[in-house]
Amino acid sequence: RIDKEQKIFSIKKAILDVLTIQSAQLKHHNISFEINGADFSIKGYESEFKQVILNITSNAKDAILEKKIKEVKIVITLERNQISIE
């Protein structure tokens with residue numbers, strides 16, 4: 001779904017929405033996730049932001065599987081209106 005107009009949305013909720021959809025697949029591969037930091041809101045296209053998070057986490061999962069790394073945690077940190085993913 002493509003957003004037609006920008007709106008104010010919660011970053012943390014948007015990330016949780018994506019990770020909830022991916023949670024079964026991540027759990028199946030022993031990949032856990034953690035979100036740290038304070039939530040903040042931005043004005044933008046929520047569905048496009050979610051697509052970016054989905055692409056990053058999917059690429060991370062693929063890289064983890066390719067390198068055969070066991071029991072990994074994806075850590076997302078929200079700090080000073082910035083997002084870091086490790």
Side-chain angles (χ1 to χ4, degrees):
R1 189 184 113 228
I2 298 174
D3 292 334
K4 298 201 186 302
E5 61 183 63
Q6 294 184 13
K7 66 177 184 177
I8 295 173
F9 64 94
S10 161
I11 290 294
K12 193 169 195 173
K13 182 184 178 310
I15 293 170
L16 281 172
D17 289 349
V18 171
L19 293 176
T20 298
I21 292 168
Q22 286 187 299
S23 65
Q25 188 178 36
L26 294 174
K27 187 175 183 178
H28 175 74
H29 295 292
N30 294 320
I31 301 171
S32 62
F33 62 87
E34 179 179 305
I35 301 175
N36 300 317
D39 189 15
F40 60 92
S41 296
I42 63 167
K43 183 176 182 178
Y45 300 102
E46 184 175 10
S47 64
E48 290 181 15
F49 175 78
K50 287 180 177 181
Q51 185 64 48
V52 169
I53 297 299
L54 178 66
N55 290 346
I56 291 170
T57 54
S58 292
N59 290 346
K61 176 191 63 85
D62 292 344
I64 289 164
L65 295 177
E66 184 178 302
K67 294 182 181 185
K68 298 179 175 144
I69 302 170
K70 305 277 185 211
E71 300 199 25
V72 175
K73 181 184 284 187
I74 297 173
V75 179
I76 300 173
T77 304
L78 309 175
E79 185 175 26
R80 296 187 304 270
N81 293 341
Q82 294 183 7
I83 304 164
S84 66
I85 302 173
E86 299 178 58

Exercise for review: Check the side chains of T77 and E86 for a donor-acceptor pair under 3.5 angstrom, ignoring hydrogens and angles.
Suggested key: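 Side-chain D/A pair, E86 to T77: absent.
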Report yes if some heavy atom in the side chain of [X] is under 4.5 Å from a heavy atom in the side chain of [Y]; otherwise report no.
| X | Y | value |
| --- | --- | --- |
| I35 | L19 | yes |
| I76 | F33 | no |
| N30 | V72 | no |

Can you name the nearest heavy-atom pair linking [X] to [Y], along with the distance?
| X | Y | value |
| --- | --- | --- |
| V75 | N36 | CG1-ND2, 3.5 Å |
| S41 | S10 | OG-CA, 4.0 Å |
| K12 | D39 | N-OD1, 2.9 Å |

Nearest 0.5 Å, what's the [atom1]-[atom2] distance between [X] and [Y]?
| X | Y | atom1 | atom2 | value |
| --- | --- | --- | --- | --- |
| I74 | E34 | CD1 | CD | 11.5 Å |
| I15 | L54 | CD1 | CG | 12.5 Å |
| I42 | Q6 | CD1 | CD | 9.0 Å |
| L65 | D62 | CG | CG | 6.5 Å |
| N59 | I64 | CG | CD1 | 11.0 Å |
| I31 | K70 | CD1 | NZ | 11.0 Å |

Check your understanding: Are the side chain of S58 and the backbone N or O of N55 linked by a donor-acceptor pair below 3.5 Å?
Key -> no
Check your understanding: Among E46, K50, K43, which residue meets the side chain to side chain contact (heavy atoms under 4.5 Å, CB included) test with F9?
Key -> E46
